[in-house]
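This report refers to the structure that appears directly beneath it.
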Amino acid sequence: MRRYHRRMHTYRIGEAAALMGVSVDTLRRWVDSGRLTAERDEQGRRIIPGPALAAFAREVASGTDRDHPGSSARNRFSGIVTEVILGDVSAQVEIQAGPFRVVSMISRESAEELKLEPGVPAVAVIKSTNVVVETP
């Protein structure tokens, strides 16, 4: 297997907070308490090494898997329903999960059974064999 040697990616506190879906204050508290490793750059600003942030994100996310031990799906996005469009047979459901917009097509019967409407809390559970990965 080919290994790519590149300079380690680092994140400023604000970037790391956005990636974790938390406030800058929360991320600073994690760093100050020692839960998350931070270093200082040449200007003295705190930066988070990419591998440390990835390990921490994995640790934080591992707790959510234990909440649903009876499911093989691992991709869960908690949010709020923002729109439901009912058709004759199907329903289009839009969920805003943090900064992410998730749109799903489900049966009308399921949407009605779950009483989905704007303002209802919901979790988008995603199980897929195809996932597209892009870099910014």
Side-chain angles (χ1 to χ4, degrees):
M1 177 159 40
R2 185 183 224 180
R3 292 184 182 249
Y4 294 93
H5 296 283
R6 295 176 58 192
R7 195 186 94 165
M8 179 178 53
H9 197 89
T10 59
Y11 297 92
R12 291 184 178 176
I13 295 285
E15 293 170 323
L19 289 171
M20 293 295 296
V22 298
S23 71
V24 171
D25 288 337
T26 296
L27 197 100
R28 281 193 182 115
R29 280 193 293 276
W30 287 341
V31 169
D32 293 343
S33 70
R35 275 187 79 191
L36 179 60
T37 303
E39 301 170 356
R40 298 275 178 180
D41 67 8
E42 300 82 33
Q43 289 79 32
R45 295 178 299 220
R46 289 194 283 191
I47 55 172
I48 312 295
L53 184 60
F56 183 72
R58 187 172 183 87
E59 176 189 320
V60 169
S62 70
T64 60
D65 288 349
R66 283 185 245 124
D67 295 340
H68 300 280
S71 176
S72 64
R74 296 293 181 251
N75 303 304
R76 299 175 179 281
F77 300 94
S78 296
I80 186 169
V81 174
T82 56
E83 184 175 22
V84 178
I85 301 171
L86 295 175
D88 291 338
V89 177
S90 63
Q92 178 178 313
V93 180
E94 183 176 309
I95 298 171
Q96 191 67 37
F100 306 106
R101 177 179 168 257
V102 180
V103 179
S104 178
M105 293 297 293
I106 64 174
S107 70
R108 180 184 178 121
E109 180 181 6
S110 293
E112 290 172 342
E113 185 177 298
L114 293 169
K115 298 179 175 70
L116 296 179
E117 60 183 32
V120 170
V123 179
V125 180
I126 301 167
K127 175 92 175 172
S128 177
T129 56
N130 295 316
V131 177
V132 176
V133 176
E134 297 177 343
T135 58

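- The stretch residues 92-109 participates, sequence neighbours left out, in these salt bridge (charged side-chain N to carboxylate O under 4.0 Å, His left out) pairs: Glu94-Arg101, Arg108-Glu112.
- By the rule that hydrophobic residues join a cluster once side-chain heavy atoms approach within less than 4.5 Å of another member, Ile47 and Leu36 end up as members of separate clusters.
- Taking CD of Glu83 as the start and CD1 of Ile95 as the end, the distance is 12.0 Å to the nearest 0.5 Å.
- Among all heavy-atom pairs drawn from Pro51 and His9, the shortest one is CD-O, 4.3 Å.
- Across Ala16 and Leu27, no two heavy atoms sit closer than the pair CB-CD2, 3.7 Å.
- Criterion: ILVMFWY side-chain heavy atoms under 4.5 Å apart, direct or through other members. Under it, Ile80 and Val93 are not part of a common hydrophobic cluster.
- For Arg29, the salt bridge (charged side-chain N to carboxylate O under 4.0 Å, His left out) test picks out no residue, with sequence neighbours left out.
- Two different hydrophobic clusters hold Val125 and Leu116 under the rule that ILVMFWY side chains link at heavy-atom gaps under 4.5 Å.
- Within the 4.5 Å cutoff, the side chain of Pro118 has no heavy atoms near those of the Thr82 side chain.
- Taking OG1 from Thr37 and CZ from Arg46, the interatomic distance works out to 12.5 Å, rounded to the nearest 0.5 Å.
- Cluster membership check: Val81 shares its hydrophobic cluster with Leu86, using side-chain heavy-atom separations under 4.5 Å among Ile, Leu, Val, Met, Phe, Trp and Tyr.
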Inset, instruction - Would you please test Val84 and Gln92 for side chain to side chain contact (heavy atoms under 4.5 Å, CB included) and show each step? - result: CA-CA 6 Å; Val84 178; Gln92 178 178 313; over 6 Å; no
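- Note: Ile106 CD1 to Leu114 CG = 6.0 Å, rounded to the nearest 0.5 Å.
- Minimum interatomic distance between Ser78 and Ala97 (heavy atoms only, all atoms of both residues): O-CB, 3.3 Å.
- To the nearest 0.5 Å, atom CG of residue Asp41 and atom CZ of residue Arg12 are 7.0 Å apart.
- Each ring-ring contact (aromatic ring centres under 6.0 Å, His included) pair with one or both residues in residues 26-52, not counting sequence neighbours, appears once here: Trp30-Phe56.
- Looking at Arg28 and Ile13, their side chains come closer than 4.5 Å, going by heavy atoms from C-beta outward.
- Under the 4.5 Å side-chain contact rule for hydrophobic residues, Phe77 and Val22 do not share a cluster.
- One finds the CD atom of Glu15 at 7.5 Å from the CG atom of Leu19 (value rounded to the nearest 0.5 Å).
- The CZ atom of Arg76 sits 10.5 Å away from atom NZ of Lys127, with the distance rounded to the nearest 0.5 Å.
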